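In this text the structure is predicted, and so the values were computed from the model without any measurement.
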Amino acid sequence: MGRIITVLTVLLLAIGWGAASSARQSGVAPVGSPARCLAVASVMVEAESDSIRAGRMILALGETNGASQADMARTRRSVEEAERAVASARAIAARYPPDTRVDTTTRRHLMDSVSMGALRTELADCAAGTTAAPVQSRVVNGFLREDGLDRAGNDLGMVEVGTDDFEACRVMCVANRQCRAFNLYTPAPRDKSYCWLKHTAGPARSDPNSVGGVRQ
C-alpha cells in the first residue's frame, strides 16, 4: 500500500498539460495581460482543487493503510501548496467585476498547451503585479476608442505606425471602405505600434498593450 501511495503522490505533484507552446497564438491573450491572468486564475482554481481532493484522499488512505511518514509528509506539502495556489487564484479573480467572463480561447490554450509548473509561475507573476484596470472608452472623431481592449480577428491587414498613434490608425480605417474597426497594438519595449484594420468589430478582450477603435 505504501508503494501505491508513493505513486499517487508523484502523480499528484506532476499534474500538468504538456510543454508551453509558442507565444501570440491567434485569439490567445498575451502573458501578463488582465485577460490572461483571469484565465490562469480560473484554470488554477479548477486544477488545484482537484489536487487538493486527490491529496486528501491519499492522506485518508495512508492513515488507515500504514503509509510511511515520508509519503504522508510529501502529500501534506503538496496539498498545502495547492491550497495556497487556490487562495492566490481566487484573490486575482476577485479583482474583476463579478460578471466578468473568462476568455474561453485563452483558457482552452492554457489547459491544452501550458504545463502546471508554467501556470504556477504565471499565477505568481499575476499576483505580484497584474491588475484588471477598467477599460476607458470614448468617441473620437467617429470612432469608439477602447483603451486596454483588443478586437481579435477579422483582419484586413496590418501597417506599422508611430508609437501609440491612434489617429494614424483611425485615418487608415476611414480610407478603407471595408474597415469597421481597428486595433492599435504597442508591445514592449513600446518603440513602435502596429495598426490592424478589421472588417468586423469582433469580440473584445482585455489587453493592456492595445487600443481598439470601432466605427460609430
Task: Closest heavy-atom pair and its distance - Ala82, Ile52 - done: CB-CG1, 3.6 Å
Open item on the list: So, taking the atom named OG in Ser210 and the one named OH in Tyr194, what distance separates them when rounded to the nearest 0.5 Å?
Closed with: 12.5 Å
- [ ] Examine Leu184 and Val140 and state if one hydrophobic cluster contains both, with Ile, Leu, Val, Met, Phe, Trp and Tyr joined whenever side-chain heavy atoms are less than 4.5 Å apart.
- [x] yes
Open item on the list: For Gln69, is the CD atom crowded, meaning more than 12 foreign heavy atoms sit under 6.0 Å from it?
Closed with: no
Open item on the list: When you measure from the side chain of Lys198 to the backbone of Arg180, do you find a donor-acceptor pair of N or O atoms at a distance under 3.5 Å?
Closed with: no
- [ ] To the nearest 0.5 Å, tell me how far Asn154 CG sits from Thr200 OG1.
- [x] 4.5 Å
Open item on the list: Treating Arg215 as the side-chain partner and Cys173 as the backbone partner, does any N or O pair qualify as donor plus acceptor under 3.5 Å?
Closed with: yes
Open item on the list: Between Met57 and Arg53, is there a side-chain heavy-atom distance shorter than 4.5 Å?
Closed with: no
Task: Asn141 vs Glu167 side-chain heavy atoms within contact, under 4.5 Å - done: yes
- [ ] Compare every heavy atom of Arg151 with every heavy atom of Gly202, then report the nearest pair and how far apart it is.
- [x] O-NH1, 2.9 Å
TODO: Please answer whether the main-chain N or O of Ala29 pairs with a side-chain N or O of Thr106 as donor and acceptor at a distance below 3.5 Å.
DONE: yes
Task: Heavy-atom side-chain contact between Met172 and Asn176 under 4.5 Å - done: no
Open item on the list: Any non-hydrogen side-chain atom of His109 less than 4.5 Å from a side-chain atom of Thr105?
Closed with: no
- [ ] Check whether any side-chain heavy atom of Glu48 sits under 4.5 Å from a side-chain heavy atom of Glu83, and report yes or no.
- [x] no
- [ ] Could you check if a side-chain atom of Arg56 sits within less than 4.5 angstrom of a side-chain atom of Thr75, using non-hydrogen atoms only?
- [x] no
TODO: Quick one: pull up OG in Ser113 and CZ in Arg108 and give me the separation to the nearest 0.5 Å.
DONE: 11.0 Å
Open item on the list: Taking the side chain as everything from C-beta on, heavy atoms only, tell me whether Ser193 gets closer than 4.5 Å to Asp165.
Closed with: no
Task: Non-hydrogen atoms of His199 and Asp155 that approach each other most closely - done: CD2-O, 4.4 Å
Open item on the list: Could you see if Leu144 belongs to whatever hydrophobic cluster contains Val174? Use Ile, Leu, Val, Met, Phe, Trp, Tyr and a side-chain cutoff under 4.5 Å.
Closed with: no
Open item on the list: Tell me if a side-chain donor or acceptor on Thr163 pairs with a main-chain N or O of Asp191 at a distance below 3.5 Å.
Closed with: yes
Task: Listed partners of Ser88 passing side chain to side chain donor-acceptor pair (under 3.5 Å), at least two apart - done: none
Open item on the list: Please tell me whether Val114 and Val45 are part of a single hydrophobic cluster in this structure, the criterion being side-chain heavy atoms less than 4.5 Å apart.
Closed with: no
TODO: Mind running ring-ring contact (aromatic ring centres under 6.0 Å, His included) on Phe143 and Phe182 for me, showing each step along the way?
DONE: CA-CA 10 Å; Phe143 281 76; Phe182 62 83; 5.6 Å; yes
TODO: Inspect the surroundings of CZ in Arg177 and state if more than 12 heavy atoms from other residues, nucleotides or ligands are less than 6.0 Å away.
DONE: no
- [ ] Working to the nearest 0.5 Å, report the span between SG of Cys37 and CD of Glu122.
- [x] 7.5 Å
Open item on the list: Could you walk me through whether Arg77 and Val79 satisfy the side chain to side chain contact (heavy atoms under 4.5 Å, CB included) test, starting with their C-alpha distance in whole Å, then the side-chain angles of each, then the deciding distance to 0.1 Å, before giving a yes or no?
Closed with: CA-CA 5 Å; Arg77 286 195 297 271; Val79 170; over 6 Å; no
TODO: Would you mind checking if Arg190 and Asp164 are paired as a salt bridge, meaning a charged N to carboxylate O distance below 4.0 Å?
DONE: yes
Task: Linked, directly or transitively: Trp196 and Val161 (ILVMFWY side chains, under 4.5 Å) - done: no
Task: Reported CG-to-CD1 distance for the pair Leu38 and Ile92, which is rounded to 0.5 angstrom - done: 9.0 Å
TODO: Could you grab the distance from atom CE of Met158 to atom CG of Asn183, nearest 0.5 Å is fine?
DONE: 11.5 Å
Task: Leu197-Val211 co-clustered via ILVMFWY side chain contacts under 4.5 Å - done: yes
TODO: Determine the minimum heavy-atom distance between Ala89 and Met44, stating which atoms define it.
DONE: CB-CB, 4.3 Å
Task: CA sep, side-chain torsions, deciding dist, call: Arg84, Glu80, side chain to side chain contact (heavy atoms under 4.5 Å, CB included) - done: CA-CA 6 Å; Arg84 288 192 294 271; Glu80 290 168 358; 3.9 Å; yes
